[in-house]
Amino acid sequence: MPTILQWVRLLEEKIQQQTWYAAPYERRYRNEHVLPFIEREFREVYGSKVDALGSELQPPRVGMAGIGVDALVERMTVLGADSEDAAAAKRVDYAFKGNDLDVMQREAVREALVKRVSFAQIDRSADGRAVVGIEAAEQMAVHRMQHPPYDVDAALKVSVNEWTGQRTARLWLIGRTVDLLEADMAQHDPEGSNIVSRWAVVADVPSRLPVVPVVEFAHKARLLADPTSEIEPIASLCDIVDLIEGLMVFAGHFGAVPIRFGKGIELPKDKDGKPILDKDGRPMLGFNPRADHVWITTSKDAEFGQLTPAGLTSFVEWSDHAVSQIRSITKVASSYYRLDLKSHMSAELLKVDEAPMVRRIKSMGQYGSFGVAWRKLMQIILMIEDPASTALVQPRWGDPETRIESAAADGVQKLVASGMGVQTAAKKLLGWSEAEVSAAVAEYDAAEARKVERDALANDPVVSALTKQTSDGAASVGA
């Protein structure tokens with residue numbers, strides 16, 4: 001059994017590896033990555049103007065990597081918890097929203113897609129409630145069992161005290177929570193291993209949980225391969241798009257704009273017969289060589305002309321090709337990249353365009369590793385909220401397709417007419433929870449009961465006679 005400091009050494013090294021791996025993809029996601037040679041070209045072409053204008057004149061950065069990640073994040077939505085045990089579902093759903101996971105769930109997925117992993121850590125509050133936080137790959141790492149069920153058996157979070165600058169850490173093991181503080185002097189492992197470390201244990205308490213209360217979010221495409229950033233397979237293609245945009249700036253500045261020329265022009269000269277130079281050291285002309293000025297000279301041998309401007313069509317086609325390659329990998333719909341998006345695109349064509357993205361989101365989320373992570377997280381929440389419960393809780397997923405309300409309502413009516421139950425149809429097509437469906441059914445039943453009661457009263461002869469007598473009495477008083 002590894003000692004505490006052996007676990008800390010292993011997981012701290014893993015945090016460093018995660019940090020190094022995530023850094024370039026984090027820059028690309030934030031749109032801070034600039035191709036070095038494009039930056040040099042800008043300085044060579046525009047000279048000191050680049051530095052003089054500061055951030056106003058920079059090589060183009062399209063942000064293609066962030067577009068793909070955000071498209072997947074906004075569609076992979078967990079609405080709450082669901083279970084055959086209504087009480088368990090209600091408890092977990094309340095904790096889910098009480099910990100703002102209905103909002104922070106997107107950050108958990110976003111961090112995992114950009115940096116390849118993110119984490120959720122669950123604590124027990126003083127009043128016995130579940131407290132959940134989302135953690136980044138630069139601060140936390142986990143170790144998994146080497147046998148089924150392959151759960152997390154150790155986790156470490158390292159943080160820095162913002163007031164003192166001292167590093168602190170918390171290590172979770174099965175049934176234990178260990179707090180550590182980084183000392184000034186290294187010491188040998190008190191448990192007898194060969195580790196020499198500055199970390200010292202300050203608290204070691206029982207967690208009262210049969211599992212490590214940490215869940216890892218990662219998109220694992222294969223069994224034995226490490227998870228990867230969503231940006232890694234498209235990084236070079238994103239660089240190509242930025243390169244094309246940079247070349248388009250040069251082409252537009254020097255080629256797409258008509259260039260005028262003149263030859264045989266007489267230059268103003270000084271008394272020694274030398275051309276008069278301007279402040280930049282270039283020979284002065286007798287006119288201002290701008291497109292909006294008249295070019296004129298007294299030389300009979302002078303000739304003026306204009307070069308044929310180059311087009312940008314080839315650059316646009318090149319850029320579209322690169323973006324189409326990105327789409328083939330990410331499966332993100334063309335509407336996010338403004339490709340093939342026509343003003344007359346129908347709802348059916350939109351669904352066809354989004355279909356590959358929808359299938360991929362479901363394979364990553366509802367039927368993939370993200371779905372497993374959310375299920376484990378909700379089970380740990382239930383362990384804390386209701387230790388005696390044995391219910392199976394699972395996430396309730398939002399529909400990743402673009403929702404067309406009229407089509408959804410029509411689909412529910414058709415399914416109900418074909419024999420499917422109202423509750424099943426509402427959950428399947430409308431994405432309603434068990435509680436929402438139950439409330440809607442109860443409201444409908446109450447409305448139907450009131451309608452039956454009104455019809456019964458209307459057909460009751462006694463009630464009809466009393467109503468008629470009351471009406472006649474009111475008419476007599478009026479007369």
Side-chain angles (χ1 to χ4, degrees), residues 66-84 86 88-114 118 120 132 134 215 217-219 230 330-333 335-336 347-348 350-379 381-382 392-412 415 420-441:
I67 294 173
V69 170
D70 289 342
L72 298 175
V73 169
E74 72 177 23
R75 303 264 184 151
M76 197 184 304
T77 307
V78 178
L79 302 177
D82 202 2
S83 174
E84 293 182 357
K90 187 175 181 180
R91 276 182 174 274
V92 176
D93 200 53
Y94 182 83
F96 184 85
K97 294 180 172 62
N99 284 281
D100 297 325
L101 291 178
D102 52 337
V103 177
M104 293 304 296
Q105 52 143 331
R106 294 184 184 275
E107 300 311 314
V109 175
R110 192 191 321 275
E111 288 289 306
L113 292 182
V114 174
S118 66
V132 186
I134 303 300
V215 173
F217 295 98
H219 174 45
E230 181 69 19
T330 64
K331 305 296 187 292
V332 173
S335 55
Y336 286 91
E348 288 302 319
L350 184 63
K351 290 176 74 68
V352 171
D353 183 53
E354 293 180 351
M357 179 176 67
V358 170
R359 288 194 295 268
R360 182 161 188 251
I361 289 172
K362 287 185 175 180
S363 69
M364 295 166 63
Q366 188 172 358
Y367 307 119
S369 58
F370 284 105
V372 173
W374 283 113
R375 196 156 54 232
K376 289 182 180 295
L377 173 61
M378 291 181 176
Q379 287 298 142
I381 290 176
L382 184 61
L392 176 64
V393 184
Q394 58 187 2
R396 180 164 49 87
W397 293 90
D399 189 355
E401 294 188 58
T402 297
R403 187 161 174 173
I404 304 169
E405 298 294 339
S406 59
D410 183 58
V412 170
L415 289 177
M420 180 179 286
V422 175
Q423 298 188 29
T424 303
K427 287 194 289 186
K428 182 176 179 61
L429 291 186
L430 302 180
W432 289 5
S433 66
E434 191 72 38
E436 290 171 331
V437 172
S438 299
V441 171

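Since we're looking at a predicted model, the values are computed, not measured. Heavy-atom basis, side chains included; hydrogens, waters and symmetry copies ignored.
Of all the heavy atoms in V358 and P400, the pair that sits closest is CG1-CG, 3.7 Å. Closest of all the heavy-atom pairs between W397 and V78 is CZ3-CG2, 3.5 Å. What you find for L392 and S83 is that their closest heavy atoms are O-OG, 2.9 Å. For the residue pair A89 and A81, the shortest heavy atom distance occurs at O-CB, 4.0 Å. The minimum heavy-atom distance between Q105 and M76, with the atom names listed, is OE1-O, 3.9 Å.
S118 contributes a side-chain N or O that, together with a main-chain N or O of A108, makes up a donor-acceptor pair within less than 3.5 Å. The main-chain N or O of G68 is never found under 3.5 Å from a side-chain atom of T330 such that the two would form a donor-acceptor pair. Between the side chain of R106 and the backbone N or O of V73 there is at least one donor-acceptor pair closer than 3.5 Å.
Sorted by first then second residue, the salt bridge (Lys or Arg N to Asp or Glu O under 4.0 Å) pairs that include residues 367-376, not counting sequence neighbours, are D151-K376.
Donor-acceptor pairing under 3.5 Å is recorded for the side chains of E354 and T402.
Taken to the nearest 0.5 Å, the CE atom of M378 stands 8.0 Å off from the CG atom of L101.
Using a 4.5 Å cut-off on side-chain heavy atoms (C-beta onward), V332 and R360 make no contact. In this structure the side chain of D399 never reaches within 4.5 angstrom of the side chain of T77, judged on heavy atoms. You'll find the side chain of V114 stays beyond 4.5 Å of the side chain of E230, heavy atoms only. Using a 4.5 Å heavy-atom cutoff, the side chains of K331 and L72 are not in contact. Using a 4.5 Å heavy-atom threshold, the side chains of I361 and F370 count as separate.
Residue I381 forms a side-chain contact (heavy atoms from CB on, under 4.5 Å) with just one option from V393, V132, D93, and that option is V132. A side-chain hydrogen bond (donor to acceptor under 3.5 Å, both in side chains) with E401 is found for exactly one of R75, K362, K351, namely K351.
The ring pair (Phe, Tyr, Trp, His ring centres under 6.0 Å) check on F217 picks up W374, with sequence neighbours excluded.
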Evaluate M364 against L113 for side chain to side chain contact (heavy atoms under 4.5 Å, CB included), listing each step before the verdict.
CA-CA 11 Å; M364 295 166 63; L113 292 182; 3.6 Å; yes
Given side chain to side chain donor-acceptor pair (under 3.5 Å), test E74 with Y336 step by step and report yes or no.
CA-CA 12 Å; E74 72 177 23; Y336 286 91; 2.4 Å; yes
